[in-house]
**Student:** 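Please see the structure below; I have some questions.
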Amino acid sequence: MRYQTAMTLLSLMAASAFAGNTPALIPLPQKMECSEGAFQLQPKTRILTDAAARDTGKYLAERLGKATGYSLKISRSTKAQPAQGAILLTTKDAKPELGAEGYELTVTADSVVVRAVKPAGLFYGVQSLLQLLPPEVFAAQPVAGVDWKIPCVQIEDQPRFKWRGFMLDVARHFFTKAEVKQLLDVLALHKINMLHMHLVDDQGWRIEIKKYPRLTQVGAWREDAGFGLDPKLSTAYGPDGRYGGYYTQKDIREIVAYASGKHITIVPEIEMPGHSCAALSAYPELSCTGGPYTPNAKGGIFAGVYCAGKDETFVFLQNVLAEVRQLFPGQYIHIGGDEVPKDNWKKCPRCQARMKQERLKTEHELQSYFIRRIEKYINAQGRNLIGWSEIREGGLAQNAVVMDWIGGAVEAAGAGHDVVMSPTKFCYLDYYQSTNHATEPKAIGNYLPLSKVYSFEPLPEKLDPQYQSHILGGQCNLWTEYVPNFKHLQFMAFPRLCALAEVTWSPKASRNWDDFTKRLQTQFQRFDQLGVNYRKGTPGCIGE
Ligand code: ACM
Ligand code: ZN
């Protein structure tokens, strides 16, 4: 009942950037003080930038230009002081304590200033600035009759966590380069800074590797969309009618550059040693049995496992990782490591010989050997290995980062390893958003309402405070077995990712469910302008 009353009141409000008396920013800034008055955006408003702010200035001018129709002039300025009638973006006099992603945003009736130490902070300041404007600022075409006012405000802001992530599984279902770019735009709006791409799984290999062309010639295609879904729900079919697709290395470079322009790091995941049917369909000689394998989509866990006894497996994976490293400049390479079926290894003379030779007592230790050997290679390439919870089984590799989905964060962080928190209970966006499955598209099972994501606390309660700095942040994951197209992807991601953004960016003490759901109504207006699909504000969405 209370929810409906709030909704009725909100629906009476004209489209604005406000929910109640304060601007409806998501994620909520660390400190925000509002005052009377507003800065009026006009065709003659100038954008002033120093050298470090130039790209962000162009981004702002382009965004404002689309919706207002104004051609805002950008000029170079080395001054630190606000200028009458101008929006100044500058690194001058920025507070170092706000860090690489923090910023100050000051709006008065005369001027706007975004001040930050680094371009990332300037970019986030501009995201907040855009959210101060009416939601129509996100329109793709000029909108008439909008009063382009920016309310007077003083914001000082920086993120609570440095890893604010989203994982997209492009293996179970494929999403095009253009769709990934559209997704990156919306992640940037939420100040999410990590897009983890699950590029490889049993059902598809999605990245071109020049040395091993069969990975995409064979491994990127399967008979049908699979998972018992209506084939018409997807358009990702090749000329021969098979389902699939992949990113060329040129596509990957384009995606990485586009993400970088939005201060988002792409974390590539090349899954091993399990979930490898697609790779083994192309190169079955790398399995224990020699195959055959097919990238199939019947669901469940497959016995697609690389042979850990063959040196050829490691040569292959290192060659793959060498190309991956060239394409992704970020610090982290994800190697999966989850759900490794051990049956083949138990029966394989080569795997058993490896265990004997390396004095490994169990197949879990063989898995650990596998990950450590790969980690040595990744570290030698100057990168960090990250893997799912199971990489702890049989002993964790020396510098590895753990992505915790089923536990182990406290132990890993306590032993000095960095950890990204992604527990199924709070972060799995493939789960149903309502208990009423009759009104929801088919999902994998379980239940994760928006309210549950909003209640997520990335710092494990049992972790000794001295190790808290090892918790890099949090991430929501979208496995796409039952997500065959982009609209559906957006439906599963939003608004639950809005909650994750606030959990990982905003101070814990500021978390307020009622306030968040009010601000969300404005975020929905922004989504409408952007053409982003989302789960509408039914009680099911709000948490039942
Ligand atoms: C996972 O969900 N298997 C990491
Ligand atoms: Zn083997």
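Throughout, residue positions are numbered sequentially from 1 according to the sequence presented. Counting convention: from 1, in listed order, for ligands and their atoms alike. Everything quoted here is computed from the prediction, not taken from an experiment.
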**Student:** Drop me the distance from W513's CH2 to Y454's OH, to the nearest 0.5 angstrom.
**Tutor:**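 Reported value, rounded in 0.5 Å steps: 8.5 Å.
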**Student:** Angle at the Zn ion (ligand 2) between SG of C351 and SG of C348, to 10°?
**Tutor:**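 Roughly 110°, rounded to 10°.
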**Student:** Run the numbers for me: atoms of ligand 1, each under 4.0 Å from some heavy atom of W479, listed by number.
**Tutor:**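 The atoms of ligand 1 under 4.0 Å from a heavy atom of W479 are 1 (C), 2 (O), 4 (C).
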**Student:** Check the pair H198, W479 against ring pair (Phe, Tyr, Trp, His ring centres under 6.0 Å), reporting the backbone distance first and the verdict last.
**Tutor:** CA-CA 9 Å; H198 184 77; W479 302 103; 4.7 Å; yes
**Student:** Which heavy atom in V324 sits nearest to a heavy atom in I207, and how many Å separate them?
**Tutor:**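 So the two residues come closest at CG2-CD1, 4.4 Å.
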**Student:** Show the atoms of ligand 1 that are less than 4.0 angstrom away from any heavy atom in E339.
**Tutor:**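 This gives 3 (N) as the contact atoms.
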**Student:** Tell me the angle that SG of C307 and SG of C288 form around the Zn ion (ligand 2), rounded to 10°.
**Tutor:**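 For SG of C307 and SG of C288, the angle centred on the Zn ion (ligand 2) reads 110°.
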**Student:** Any N or O of Y428 that comes nearer than 3.5 Å to an N or O of ligand 1?
**Tutor:**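 Yes, there is a polar N/O contact under 3.5 Å.
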**Student:** Judged by atom type as modelled, is there a donor-acceptor pair below 3.5 Å linking the side chain of E208 to the main-chain atoms of Q249?
**Tutor:**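 Yes, because the side chain of E208 sits within donor-acceptor range (under 3.5 Å) of the backbone of Q249.
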**Student:** Within the structure, does D338 bring an N/O atom to less than 3.5 angstrom of an N/O atom in ligand 1?
**Tutor:**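 For ligand 1, there is an N or O atom that lies under 3.5 Å from one belonging to D338.
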**Student:** Do we get K536 above Y534's six-membered ring, with its NZ or CZ under 6.0 Å from the centre and within 45° of the axis?
**Tutor:**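 Yes, K536 and Y534 form such a contact.
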